[in-house]
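Down below is the structure, laid out as structure tokens.
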Amino acid sequence: MKRSLITMLVVLALALGICVSGMLLIRHVALEMEEMRVNAVKLLEAGKTDEAAEQITQMADMWAWHEPLLETISPHETLHAVTELITEADANLTVGDIDDLHRSMMLLELAIEHLFIEEQFMISNIF
């Protein structure tokens with residue numbers, strides 16, 4: 001009986017640790033992506049398209065670096081949507097379609113927010 005209780009507490013502690021560490025990783029990535037997205041939009045509004053393109057490229061590189069680990073934590077569809085929106089934003093900037101670029105950046109904001117919200121620490125994530 002005592003051994004079962006200890007085992008159950010250890011498993012619960014591990015589950016909580018995994019949930020919290022996953023949430024912290026998602027939070028870090030979401031905040032960093034949002035900061036980069038806002039910087040790209042500000043650069044674009046200032047007419048600095050080359051710097052905005054560089055910011056979007058950095059955002060894509062950072063996302064590509066974190067994505068394999070995020071695949072273990074988050075649903076594939078959400079991660080794929082973020083990847084598509086970054087690629088779409090870069091393509092829109094390349095062809096000079098500013099309206100579609102702003103739309104892509106707004107949708108990217110929503111996708112990042114959705115990723116953050118769905119991975120918040122909840123008891124249901126443990127079980």
Side-chain angles (χ1 to χ4, degrees):
M1 180 74 168
K2 186 176 178 182
R3 187 179 307 163
S4 295
L5 180 62
I6 291 172
T7 304
M8 187 175 64
L9 290 175
V10 168
V11 169
L12 181 62
L14 285 173
L16 285 172
I18 290 170
C19 288
V20 169
S21 63
M23 182 195 67
L24 291 175
L25 175 67
I26 295 283
R27 183 173 189 262
H28 167 73
V29 172
L31 291 176
E32 193 170 334
M33 287 289 291
E34 182 59 19
E35 181 180 333
M36 294 174 99
R37 188 197 67 78
V38 168
N39 286 339
V41 170
K42 285 180 181 178
L43 289 168
L44 187 64
E45 289 173 353
K48 300 177 181 179
T49 56
D50 292 337
E51 289 89 348
E54 178 64 29
Q55 187 71 40
I56 291 173
T57 302
Q58 288 175 359
M59 189 170 34
D61 291 342
M62 194 271 300
W63 184 255
W65 192 80
H66 285 293
E67 192 171 19
L69 183 58
L70 293 175
E71 283 280 347
T72 63
I73 302 169
S74 298
H76 177 76
E77 295 80 22
T78 305
L79 300 176
H80 188 65
V82 172
T83 303
E84 282 182 358
L85 288 168
I86 293 171
T87 304
E88 183 180 303
D90 187 42
N92 288 331
L93 184 59
T94 301
V95 298
D97 192 349
I98 303 303
D99 290 336
D100 280 347
L101 175 61
H102 282 294
R103 183 189 61 78
S104 296
M105 294 303 256
M106 286 177 20
L107 290 173
L108 181 60
E109 177 186 12
L110 293 174
I112 292 168
E113 182 180 339
H114 177 71
L115 178 67
F116 180 71
I117 289 172
E118 76 180 6
E119 293 303 322
Q120 283 183 337
F121 181 69
M122 294 179 283
I123 297 298
S124 63
N125 290 348
I126 296 171
F127 301 105

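Each residue takes its place number in the sequence, starting with 1.
Within the model, atoms CG of Leu93 and CD of Gln55 stand 12.0 Å from one another, a figure rounded to the nearest 0.5 Å. The NE2 atom of His66 lies 4.5 Å from the NE2 atom of His28; values are rounded to the nearest 0.5 Å. In this structure, the separation between NE2 on His80 and CG on Leu85 is 10.0 Å, given to the nearest 0.5 Å. Rounded to the nearest 0.5 Å, atoms CD1 (Ile56) and CE (Met105) are 4.5 Å apart. From Met62, atom CE reaches atom CE of Met36 across 5.5 Å, with rounding to the nearest 0.5 Å. We find the CD1-CH2 distance between Ile112 and Trp63 to be 7.0 Å, quoted to the nearest 0.5 Å.
Under a cut-off of 6.0 angstrom, the local environment of CZ in Arg27 is sparse, with at most 12 non-hydrogen atoms contributed by other residues, nucleotides or ligands.
Under a hydrophobic clustering in which Ile, Leu, Val, Met, Phe, Trp and Tyr are joined whenever their side-chain heavy atoms come within less than 4.5 Å, directly or via other members, Leu14 and Ile6 fall into the same cluster. Ile26 and Leu69 end up in the same hydrophobic cluster when Ile, Leu, Val, Met, Phe, Trp and Tyr side chains are linked at under 4.5 Å. A chain of hydrophobic side-chain contacts below 4.5 Å, direct or via other Ile, Leu, Val, Met, Phe, Trp or Tyr residues, connects Leu110 to Leu108. One hydrophobic cluster, built from ILVMFWY side chains closer than 4.5 Å, cannot hold both Val29 and Val38; they sit in different ones. There is a path of hydrophobic side-chain contacts, each under 4.5 Å, that joins Ile98 to Leu107.
No side-chain heavy atom of Asp97 sits less than 4.5 Å from a side-chain heavy atom of Leu101. Contact annotation: the side chain of Glu54 never approaches that of Leu43 to less than 4.5 Å [non-hydrogen atoms, C-beta and beyond].
Legend: residues meeting side-chain hydrogen bond (donor to acceptor under 3.5 Å, both in side chains) with Glu34, ordered by chain and number and at least two apart, are Arg37.
Annotation for Ala40 and Ala52: closest pair O-CB, 3.7 Å, computed over non-hydrogen atoms.
Side-chain atoms of Thr72 do not come within 3.5 Å of backbone N or O of Pro68 as any donor-acceptor pair. A donor-acceptor contact shorter than 3.5 Å links the side chain of Asn92 to the backbone of Asp100. The backbone N or O of Ile86 lies less than 3.5 Å from no partner atom in the side chain of Asp90, so there is not a single donor-acceptor pair.
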